[in-house]
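Note sheet for the following structure.
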Amino acid sequence: MQQNQYKEIWKAVQFHPLFQGVDERTALSLVEECEALTYGKSEMMLKANTPRQGLLLILQGNAEVFVENAAGQEEVLEVIKKGEIVGFSSLAEFLGFSSAEKTQANVEVRAVDEVQALLIPFSVLAKRWDDQDVHDYLLSQVSIRLKDVYGSLAEQVKMAKGIGEGETILARVQDLMSDKVASVTPDTSIQEAAQIMVKRKTSSVLVVEGAELKGIITERDIVGRVVSKGISFDGPSRQVMTENPVTISRFAYYYDALSKMLLNGIKHLPVVDDGGISGVITLTDLLRKKNDSVMRTIKKIDEAEETSLPEVKAAIYEMTETLLRDRVPAIALLDIITKLYDRLIDRAVELSISALRKQGLEPPAPFAFYLMGSAGRGEQFMLTDQDHFLVYGDTNDHSYFEKLGKEITSRLETAGYARCKGLMMSSEEQWRGNVLQWQDRVRKWMLQSTNENLLLAHNFFSYRFVAGSEEVNKEFEAKIAELLDRSKIFLYRMVQAEREQEIPTLDEPIRALFKLGRKSIDMKKEILFPFHHSLQILSLYYGEIPGTPLDKIASLREKGIFTEGFAEDVQEAFNHILDLYIRQRWANKGGSSVLSFATMSTRQKDELILSLRTLRELQGMVFARFSV
């Protein structure tokens with residue numbers, strides 16, 4: 001290694017904790033003892049049963065640590081990125097607790113893409129060992145790595161029998177995707193793009209300009225945008241491509257890809273990292289992993305008829321059980337399950353329209369169908385009671401929509417949704433109407449802010465559009481927005497009511513928790529409801545009406561109301577509370593939402609304390625915004 005190469009490496013590592021604070025002369029002498037290494041894509045960096053010579057510092061690219069399980073399949077334990085170190089297990093040798101001749105059985109490291117690394121031998125580590133900052137860095141990194149590796153190992157190996165024949169839902173996208181990408185330029189003719197798809201036996205081509213992904217063309221695009229509309233095959237690909245397609249990282253999990261496809265109604269995901277295209281993953285790739293529960297569930301929903309609606313509930317519950325067993329994060333779980341329930345709602349609406357059509361009845365105006373409550377927030381993991389309403393365009397013929405509301409309510413009941421005890425369903429006159437009727441109804445709630453009307457408003461404003469006319473939805477939301485612009489007093493009344501439902505605090509040390517009078521907490525009434533109400537009030541104040549809690553958090557972050565850090569804290573706290581709540585309700589088969597502290601681990605209690613503190617801070621923001 002030449003002197004100028006040493007200097008280049010020193011510039012790259014001078015701020016790394018292992019070298020930071022060392023003068024240039026000393027640093028260069030240390031670097032001279034190190035070895036610069038380059039690995040090609042998929043090249044082995046550290047093999048099993050091979051003695052380690054020191055630590056590997058990744059300077060560029062990504063590597064993965066993996067192990068071969070009993071079935072001969074590779075399970076990725078962790079991904080190592082730029083600035084991170086591989087080989088912490090060899091510290092035991094450096095410290096004299098094991099022999100360097102004792103090899104690291106099974107564990108191997110491989111380059112994901114082209115990797116530049118620096119081998120830091122134990123001799124360099126010995127010279128830096130007296131620096132307390134080096135001690136602190138290595139201790140923190142080993143602790144984090146131990147936690148992550150155990151977590152990954154538990155998820156991917158222990159749960160390997162989860163969703164299908166030894167294939168876990170926690171497999172990564174890079175293990176499922178195709179890295180043989182078919183691509184065209186924006187100026188390539190549509191005909192040539194179609195010919196490439198046939199030749200390559202693929203259902204999509206990526207549209208790339210330079211190295212930048214511009215769009216995607218699928219078989220469905222060719223049929224729907226070219227054949228059906230008579231567009232010339234001589235036209236450029238940019239004319240029919242889907243611009244700015246949804247993408248995913250190769251390090252994402254199976255459930256991430258499945259969630260994105262279901263939520264966006266797509267079957268192809270370009271795999272992109274740091275602007276570079278790595279491959280494409282399709283719905284077929286996911287289903288090829290023999291996840292029968294996914295295939296059965298989607299098929300049962302899309303093909304459901306009157307007699308088979310009850311079977312859908314069992315299929316979705318089976319999917320939920322699998323996701324819970326594989327410890328998929330609560331927010332990701334709800335993304336997937338919500339989309340399945342939305343498909344069920346769509347199917348119920350379709351069947352209801354079809355039933356009325358058989359009676360010779362057609363909609364006299366376009367309409368929009370909305371969910372409220374937990375379904376509106378995208379949090380319904382179990383079929384509870386119905387919460388929905390109907391909005392339709394300008395017409396004097398209300399009788400059709402009276403029948404439609406009753407048909408939909410009846411079919412949802414058949415599918416497993418109990419009728420709402422509070423009668424908040426489109427089968428009831430007060431929960432359906434044209435746009436102007438709805439505007440008058442909401443105005444009344446705002447002017448007459450009784451406790452009953454405030455509760456109705458809170459449930460209403462958790463709405464989410466799920467079926468029907470986009471135009472009616474836009475008109476409806478515009479009218480509601482007009483009301484909110486003139487209704488700050490109404491929001492103030494909502495805040496006053498929330499002051500009686502402050503999120504509790506458990507700030508005492510965890511070892512003192514059992515000395516308190518409190519032995520449990522109602523997750524729904526004491527935490528989730530106040531959180532949702534606070535987030536909803538803040539969102540309404542800043543002009544954000546519909547959407548899930550994550551949508552609202554993202555919107556408030558974009559508007560500068562939440563800092564990036566606080567938004568992440570709120571989302572993490574919400575995810576933790578949801579995880580506890582979902583598992584509590586699922587274990588009780590939909591029963592009590594009261595969580596006993598006696599059933600929680602110390603870690604869960606610590607996380608609960610921190611989560612409550614964050615959500616109380618959010619609630620405090622709302623109180624401060626509307627203080628007298």
Side-chain angles (χ1 to χ4, degrees), residues 41 113 173-174 176-250 252 256-288 295 298-299 302-303 339 342-343 346 350 363 366 368 393 465-475 477-478:
K41 181 180 178 181
D113 41 29
V173 166
Q174 64 184 14
L176 311 173
M177 73 181 191
S178 170
D179 58 5
K180 297 177 181 178
V181 178
S183 65
V184 297
T185 70
D187 295 321
T188 303
S189 71
I190 299 170
Q191 182 173 15
E192 187 178 344
Q195 289 172 341
I196 289 174
M197 290 166 67
V198 172
K199 183 178 179 181
R200 298 284 293 274
K201 297 181 180 179
T202 179
S203 56
S204 68
V205 291
L206 301 186
V207 183
V208 180
E209 191 168 36
E212 184 179 355
L213 178 65
K214 292 294 185 179
I216 186 171
I217 300 174
T218 67
E219 289 178 340
R220 187 169 62 178
D221 294 331
I222 298 293
V223 174
R225 298 178 183 176
V226 182
V227 178
S228 66
K229 295 184 179 180
I231 294 176
S232 171
F233 274 89
D234 294 329
S237 291
R238 62 162 55 89
Q239 191 175 357
V240 295
M241 71 181 185
T242 298
E243 296 184 54
N244 302 316
V246 179
T247 64
I248 195 165
S249 166
R250 64 177 176 270
D256 291 319
L258 179 61
S259 177
K260 281 200 174 190
M261 288 184 189
L262 291 175
L263 288 169
N264 292 283
I266 56 179
K267 296 181 180 179
H268 303 77
L269 279 174
V271 182
V272 177
D273 285 286
D274 298 324
I277 301 169
S278 304
V280 175
I281 187 167
T282 68
L283 184 60
T284 302
D285 294 330
L286 299 183
L287 299 184
R288 193 179 289 125
M295 290 187 286
I298 293 174
K299 186 175 181 179
D302 290 347
E303 299 178 0
K339 190 58 180 179
D342 285 354
R343 292 172 86 110
D346 279 336
E350 287 175 4
F465 168 64
V466 290
S469 167
E470 289 279 2
E471 288 72 21
V472 171
N473 175 50
K474 289 178 182 178
E475 182 185 359
E477 290 191 348

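Note that this is a predicted model, so its numbers are computed, not measured. Throughout, residue positions are numbered sequentially from 1 according to the sequence presented.
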Which pair of heavy atoms, one from M197 and one from V205, lies closest together, and at what distance?
CG-CG1, 3.3 Å

Over all atoms of both residues, closest heavy-atom pair of A368 and F465
CB-CE1, 3.6 Å

With sequence neighbours excluded, residues passing side chain to side chain contact (heavy atoms under 4.5 Å, CB included) with K214
P186, V207, E209, E212, M241

Hits for side chain to side chain contact (heavy atoms under 4.5 Å, CB included) against P366, two or more places apart or cross-chain, chain-then-number order -> S469, V472

Shortest non-hydrogen pair, P245 vs L213, comes out as CG-CD2, 3.8 Å

Separation of D113 CG from D274 CG (nearest 0.5 Å)
8.5 Å

Tell me, do S278 and Q174 make a side-chain contact under 4.5 Å, heavy atoms counted?
no

Is there side-chain contact between V173 and D256, with heavy atoms separated by less than 4.5 Å?
no

Return the set of residues passing side-chain hydrogen bond (donor to acceptor under 3.5 Å, both in side chains) with S237 (not counting sequence neighbours), or none when no residue passes.
none

Residue list, side chain to side chain contact (heavy atoms under 4.5 Å, CB included) with T218, at least two apart or on another chain:
S204, I216, R220, D221, H268

For the student: nearest non-hydrogen atoms of L206 and P270, plus distance
CD2-CG, 3.8 Å

Test side-chain hydrogen bond (donor to acceptor under 3.5 Å, both in side chains) applied to T202 - qualifying residues, sequence neighbours left out
none

Under the side-chain hydrogen bond (donor to acceptor under 3.5 Å, both in side chains) rule, collect the residues that match up with N244, sequence neighbours excluded.
none

Would you list the pairs meeting salt bridge (charged side-chain N to carboxylate O under 4.0 Å, His left out) in which at least one residue belongs to residues 184-205, sequence neighbours left out?
D187-R238

Only counting residues at least two apart or in another chain, list the ones meeting side-chain hydrogen bond (donor to acceptor under 3.5 Å, both in side chains) with D273.
S249, R250

Can you find a pair of side-chain heavy atoms, one from I196 and one from V184, that are under 4.5 Å apart?
yes

For E475, all residues meeting side chain to side chain contact (heavy atoms under 4.5 Å, CB included), sequence neighbours excluded
V435

Shortest non-hydrogen contact between L269 and V246, atoms and distance:
CD2-O, 3.4 Å

Rounded at 0.5 Å granularity, tell me how far CG in D346 sits from CZ in R343.
8.5 Å

Side-chain contact, heavy-atom cut-off 4.5 Å: T242 with I217?
no

Closest approach of Q239 to I231 (non-hydrogen atoms, all atoms of both residues):
NE2-CG2, 3.7 Å

I need the full list of salt bridge (charged side-chain N to carboxylate O under 4.0 Å, His left out) pairs touching residues 240-249, with sequence neighbours left out, sorted by first then second residue.
none

Under the salt bridge (charged side-chain N to carboxylate O under 4.0 Å, His left out) test, which residues partner D234, sequence neighbours left out?
none

Main-chain N/O of M261 paired to K267 side chain as donor or acceptor, under 3.5 Å
no

